[in-house]
Visitor: 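My questions will all concern the structure given below.
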Number of protein chains: 2
Amino acid sequence: MQANLILLIDRSTQNRSDEMNEQNATRENLVRAGFELFHRQGYGATSVSQILKSAGCNSGSLYYFFPTKEDLLIAVLNWCLENLWPEVIEPVFERISDPIERVFGILDGYRKMLVITECQQGCPIGNLALELADNHPRVRELLAQNFSQWRQAVEGSLRMASDRFPESTDLESLSLFVLTTMEGAVMLARAYRSLDAYDSAVTQLRNYIERLLLEGSTWGK
Amino acid sequence: MQANLILLIDRSTQNRSDEMNEQNATRENLVRAGFELFHRQGYGATSVSQILKSAGCNSGSLYYFFPTKEDLLIAVLNWCLENLWPEVIEPVFERISDPIERVFGILDGYRKMLVITECQQGCPIGNLALELADNHPRVRELLAQNFSQWRQAVEGSLRMASDRFPESTDLESLSLFVLTTMEGAVMLARAYRSLDAYDSAVTQLRNYIERLLLEGSTWGK
DNA sequence: GTCTATACAACGATAGAC
DNA sequence: GTCTATCGTTGTATAGAC
């Protein structure tokens with residue numbers, strides 16, 4: 001039951017294990033275990049021994065690959081950076097072709113995570129951002145990169161429909177606003193342990209975007 | 001420099017110290033120290049010894065008032081619940097009378113905190129929400145109550161301008177959306193260590209609300 | 001590369017004098 | 001109520017055999 005919680009992991013396990021040599025299997029296991037545990041419990045609340053147990057190896061192996069626990073975290077965040085597109089964005093884009101609905105498809109993907117985890121797990125990056133942005137400079141930079149990549153995916157999609165928005169629309173700012181909404185909504189859904197807060201926010205966002213589109217279509221083609 | 005970081009604390013210190021008997025001064029010091037440190041570092045990353053140093057007492061005193069560290073956290077969250085209105089909401093409402101601008105005044109208050117802390121400190125409740133919502137049931141409930149109180153302040157203000165919105169507007173959902181935006185925007189501002197992300201989100205929110213108001217005014221008075 | 005054993009510090013919490 | 005001293009655990013990280 002726990003093993004399948006994170007959709008990210010399952011897909012990429014199958015995709016990548018073939019093309020990997022035996023040598024780095026342990027390293028990969030550690031990164032995956034780190035990702036899942038940091039996501040579920042946070043960075044500070046996850047002990048190295050938990051990671052070792054989950055990855056099925058001993059401390060010597062971890063410290064062979066990573067000088068410190070923080071270096072493992074950095075590897076995890078780089079792993080997220082590599083996997084966002086193939087594992088989160090592209091599956092949605094394959095299923096949905098309308099550029100606006102693709103954005104809401106991404107939001108629906110995060111909703112699925114809330115459903116599966118009964119509102120106990122949100123965005124893996126968002127969690128770490130609030131925990132670590134202050135006192136871990138290298139980590140903060142990687143968190144920002146992860147957010148930027150997410151935002152660019154949304155912006156790219158919105159830009160395909162740029163002619164449907166009013167001319168003055170700032171699509172970069174609007175795509176960042178989508179991310180803002182998603183992160184805030186996930187936070188509230190977890191605090192309330194209810195999907196209502198998430199759905200309510202997405203409804204408001206959709207309302208806003210529909211008004212923009214309505215205005216865009218009124219003012220000539 | 002550090003001591004005056006949190007506006008909340010300074011105001012209430014002056015207001016309350018008179019009406020307090022000597023006996024509970026230590027307890028109050030502990031709650032204040034806990035609030036500030038949990039806000040700055042998170043719950044898990046703050047050690048009891050740090051709290052003791054900041055509060056100017058020893059461990060015997062803390063455990064005399066609070067059976068565990070978590071009980072101190074609960075006292076802190078109750079303290080937030082008591083102080084939100086007098087220390088965060090009312091100062092804004094005194095300064096600004098327009099109900100819509102009052103909402104943006106609250107958002108501007110959080111912006112000030114980002115400015116003062118150079119984007120290193122966000123919402124004290126939001127931080128704890130992502131860190132603790134999963135595995136601390138009593139804490140999660142109090143976090144949700146804090147969010148609800150904040151949302152109700154916004155909703156009360158919007159409701160004073162309800163005749164300016166389209167009839168179909170769901171003001172409860174809209175006020176929750178304001179909170180969603182604020183929390184998401186604070187998170188991104190901290191990750192990017194820049195006010196731009198915050199300002200961008202508030203601009204989008206204002207744009208949305210202005211469109212609602214425009215539609216409300218068009219459809220008759 | 002991976003193992004076992006362990007160093008060493010910090011943690012939350014307790015005991016008992018005053 | 002507050003103090004000092006300390007218990008027992010857990011944390012990250014290391015050493016050295018294999």
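Treat the numbers as computed from the prediction; the structure is a model and nothing was measured. Both backbone and side-chain heavy atoms feed into the values below; hydrogens, waters and symmetry mates do not. Sequence lines set the chain letters: A, B, ... in the order given, protein chains first and strands last, and positions in each chain run from 1.
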Visitor: Quickly work out the B:Y43 OH to C:dC11 C1' distance and round it to whole Å.
Guide: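 Taking atom C1' of C:dC11 as the reference, OH of B:Y43 is at 12 Å.
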Visitor: Tell me whether the OP1 or OP2 atom of D:dC3 has a side-chain N or O from B:S61 closer than 4.0 Å.
Guide: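 So the side chain of B:S61 is within the cut-off, an N or O lying under 4.0 Å from OP1 or OP2 of D:dC3.
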Visitor: What's the closest nucleotide to the side chain of B:K69 if the choices are C:dT2, C:dA13, D:dG1?
Guide: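 Side chain of B:K69 sits closest to C:dA13.
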Visitor: Does D:dT2 have OP1 or OP2 sitting under 4.0 Å from an N or O in the side chain of B:Y64?
Guide: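 For B:Y64, the contact criterion (side-chain N or O under 4.0 Å from OP1 or OP2 of D:dT2) is not met.
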Visitor: Return the residues of residues 47-56 of chain A meeting this criterion: a heavy atom under 4.0 Å from some atom of DNA chain D. Order them by number, or give none.
Guide: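 Heavy-atom cutoff 4.0 Å gives A:S47, A:V48, A:S49.
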Visitor: Do any N or O atoms from the side chain of A:N58 and from the backbone of A:G60 form a donor-acceptor pair under 3.5 angstrom?
Guide: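 Between the backbone of A:G60 and the side chain of A:N58 there is no qualifying donor-acceptor contact (under 3.5 Å).
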Visitor: Check this one for me: any side-chain N or O of A:N58 less than 4.0 Å away from OP1 or OP2 of C:dT4?
Guide: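 A:N58 to C:dT4 OP1/OP2: side-chain N or O found under 4.0 Å.
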Visitor: Indicate yes or no: does B:E28 engage B:R32 in a salt bridge with an N to O separation below 4.0 Å.
Guide: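 Result for this pair is yes, salt bridge flagged.
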Visitor: Could you tell me the separation between the CZ atom of A:F66 and the P atom of C:dT2, rounded to a whole number of Å?
Guide: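 Result: 11 Å.
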Visitor: For B:N127, which of B:E183, B:Q121, B:R190 qualifies under side-chain hydrogen bond (donor to acceptor under 3.5 Å, both in side chains)?
Guide: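 Single side-chain hydrogen bond (donor to acceptor under 3.5 Å, both in side chains) partner of B:N127 among B:E183, B:Q121, B:R190: B:R190.
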Visitor: Check nucleotides 14-18 of chain D against the protein and report each pair of N or O atoms closer than 3.5 Å, with its distance, or say if there are none.
Guide:
unit_1 : atom_1 : unit_2 : atom_2 : d
D:dT14 : O4     : A:S59  : OG     : 2.7

Visitor: Indicate yes or no for a side-chain donor-acceptor contact from B:T46 to the backbone of B:L37 under 3.5 Å, with no hydrogens or angles considered.
Guide: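 Indeed, once roles are kept as given, a pair shorter than 3.5 Å links the two residues.
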Visitor: One thing to verify: whether A:D71 and A:R138 come together as a salt bridge, which I'm taking to mean a side-chain N less than 4.0 angstrom from a carboxylate O.
Guide: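 Salt bridge present between A:R138 and A:D71.
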Visitor: In plain terms, say whether B:E172 and B:R159 are close enough for a salt bridge, that is, a side-chain N and a carboxylate O under 4.0 Å apart.
Guide: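 Salt bridge: no.
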Visitor: For the residue pair B:Y192 and A:F147, categorise the inter-ring angle as parallel (less than 30°), tilted (30 to 60°) or perpendicular (more than 60°).
Guide: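 Tilted.
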Visitor: Whole angstroms only, please: what is the CZ-C1' distance between A:F65 and C:dT2?
Guide: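 So the CZ-C1' distance, A:F65 to C:dT2, works out to 9 Å.
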Visitor: Between C:dA13 atom C1' and B:E70 atom CD, what is the distance in whole Å?
Guide: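 In whole Å, C:dA13 C1' and B:E70 CD are 14 Å from each other.
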Visitor: More than 12 heavy atoms of other residues, nucleotides or ligands under 6.0 Å from CD of B:E90: is that the case?
Guide: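 Buried by this count: over 12 neighbours within 6.0 Å.
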